[in-house]
2 protein chains.
Amino acid sequence: MKNATAKRLGHGAALNREDLARLDRFLHPVRRVPAGTDLIQRGETVSCVRLMISGLSARYKLLPDGRRSIMALLLPGDFCDLHVGVLGHMDHSVMTLAESEVVETSQSDIDGMMGAFPNIARGMRWIDMVDQSITREWLVSMGRRRADRQMAHFFCEIYHRMDMIDEVGSNSFALPMTQEELADTLGITPVHALRVLQSLRQSGMVQFQDGRISIPKLDSLETFAEFEGDYLHLGRS
Amino acid sequence: MKNATAKRLGHGAALNREDLARLDRFLHPVRRVPAGTDLIQRGETVSCVRLMISGLSARYKLLPDGRRSIMALLLPGDFCDLHVGVLGHMDHSVMTLAESEVVETSQSDIDGMMGAFPNIARGMRWIDMVDQSITREWLVSMGRRRADRQMAHFFCEIYHRMDMIDEVGSNSFALPMTQEELADTLGITPVHALRVLQSLRQSGMVQFQDGRISIPKLDSLETFAEFEGDYLHLGRS
DNA sequence: CGTTGGTTTGAGGAAACTCAAAACCGGTGG
DNA sequence: CCACCGGTTTTGAGTTTCCTCAAACCAACG
């Protein structure tokens, strides 16, 4: 049973036995973090690199008037701050949306591992690139898709990202976030988020309750959302 | 007179004489590309790394119905596809919005230079990180700012990015893009873009005509946009 | 002088927002 | 056991922002 990080890296590069062994040593110690706590805060100077092991976190910013924007969801295997060392300070914050486990390590540790294990290095760069690609796709969604399509598209994406790390079972998976947090990631208001959610429910494409989401017919949802998954770079290509 | 690339890199790392010399050798040959041509197309497998020397380009995607979303503006000193080698294929396209000059080189060339010149490597990573940071800020703008603030914010950003490479003179600079392209980067319709533009004009904060923009009172515009420039990482910090 | 790409104007409609309040629900303490 | 609490979800009604459609305008160009 491989861990989420190995699974994730494995999508970007083939890992051999030594790679996996090195990775296992790397993934300690694990720090357990309760829901709703900031892993990193805006303005902070970054001293270490953090890796999500389990749970769910989000990159976010607060506007002067208190509204929030969630710019990324961090799933197991995602890095909070790979490479931000070259920037002086954080320009955004990262908080846990649910109880999570993270590994904290130093930039030099990462660099060392990347230098000695090219497969791992390649995998990490792949994760990084895919995360950038996802951010760009969110921009497309935000700018050019109406809220219903956007939400559907979002769910499709999370489905695939969860599937990548074997977190999907019988077409459903845990997505422990509130409607308000969902609204903040889609750039809409909570009330509107609910209404869109209701319409998706009614059409039978999505169930989203109690931090768990169920997508009975993924292809219907993908068609509705005009979802083109190439940006997740999962293909055999 | 340093070139834009050197200026840009210089913001992320201190470059010495050898670095600058290496960079100069690197910046040849330059390919001249007319406006409106794709530098890279979605689906393509990436074979080389491209660097913007002059002009203006944009990352974009087309939706099934033909609408367009512009996810990033590439200014002189930006890389089109640094590191995308690890991904099989491009998930978006890049086109010139104005006549541009680019340098095309190989991934191995870049890697070689980054290995031998740590300052340059650091500078390139810095550029990369800032570009990611910008993408995230666009997400905030798209999701949580109304079109007028969003456009103002956008102009403030470009002002600073242009200033970074000394392209701003007497509060104005060239921004050779159409209203339609502007609309596609803000995620609004061209008509609405015009109306917002008119209101900004009337308030005397922005002039935007014939591919040139003038911002008489930058601080007024920044106040209006609630612009917080830390995400550009220009500070002395 | 007609064509073309970009800008501008007008009017009606739809998507998403604001404000306000009610319902719900798992805990917690009397 | 029940009243109360905060956080979350839900509903309703009126408003604003932005979109759609359609047409006029204009300068550049062959």
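Throughout, protein chains are lettered first and strands after them, A, B, ... in sequence-line order, and every chain is numbered starting at 1.
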5'-most by nearest nucleotide on DNA chain D - A:Arg201 or B:Arg145: A:Arg201
Euclidean distance, atom CG of residue B:Leu186 to atom P of D:dC18 [Å, nearest integer]: 11 Å
Residue A:Leu194, side-chain atoms from C-beta onward, closest of C:dT8, D:dT10, C:dT9: D:dT10
Per A:Thr178 side chain, nearest of listed nucleotides D:dT9, D:dT20, D:dG12: D:dT9
Gap between atoms CG and C1', on B:Leu197 and C:dT9 respectively (whole Å): 15 Å
Validation row, ring centre B:Phe227 to ring centre B:His160 under 6.0 Å: yes
Nucleotide C:dA14, atom P - distance to NE2 of A:His192 in whole Å: 15 Å
Sugar-phosphate, base or nothing in reach of A:Ile188, heavy atoms under 4.0 Å: sugar-phosphate
Rounded interatomic separation in angstrom, taking CZ from B:Arg149 and C1' from D:dT16: 14 Å
Atom pair distance, as rounded to whole Å: CG in A:Leu97 and C1' in D:dT8: 15 Å
A:Leu182 CG - D:dT8 P separation (whole Å): 14 Å
Ion pair check, B:Arg67 and B:Asp65, cut-off under 4.0 Å: yes
Aromatic contact, A:His89 with B:His233 (centres under 6.0 Å): yes
Nucleotide nearest B:Gln179 (side chain, heavy atoms from C-beta), chosen from C:dT8, C:dC17, C:dG6: C:dT8
Salt bridge B:Glu228-A:Arg42, side-chain N to carboxylate O under 4.0 Å: yes
Interatomic distance where CD belongs to A:Glu180 and C1' belongs to D:dG6 [whole Å]: 13 Å
Residue whose nearest DNA chain D nucleotide is more 5′ - A:Arg144 or A:Asp210: A:Asp210
Phosphate OP1/OP2 of C:dT7 contacted by B:Gln209 side-chain N/O (<4.0 Å): no
Sugar-phosphate, base or nothing in reach of B:Arg146, heavy atoms under 4.0 Å: sugar-phosphate
Selected nucleotide, minimal atom distance to A:Val191 side chain, candidates D:dC19, C:dT8, C:dT18: C:dT18
Distance below 4.0 Å between B:Thr189 side-chain N/O and D:dC19 OP1 or OP2: yes
Distance, rounded to the nearest Å, where A:Gln202 contributes CD and D:dT11 contributes C1': 14 Å
Test item: side-chain donor near acceptor, A:Trp138 and A:Gln150, under 3.5 Å: no
Nucleotide nearest B:Arg195 when distance is taken to its side chain, options C:dG10, D:dC18, C:dT18: C:dG10
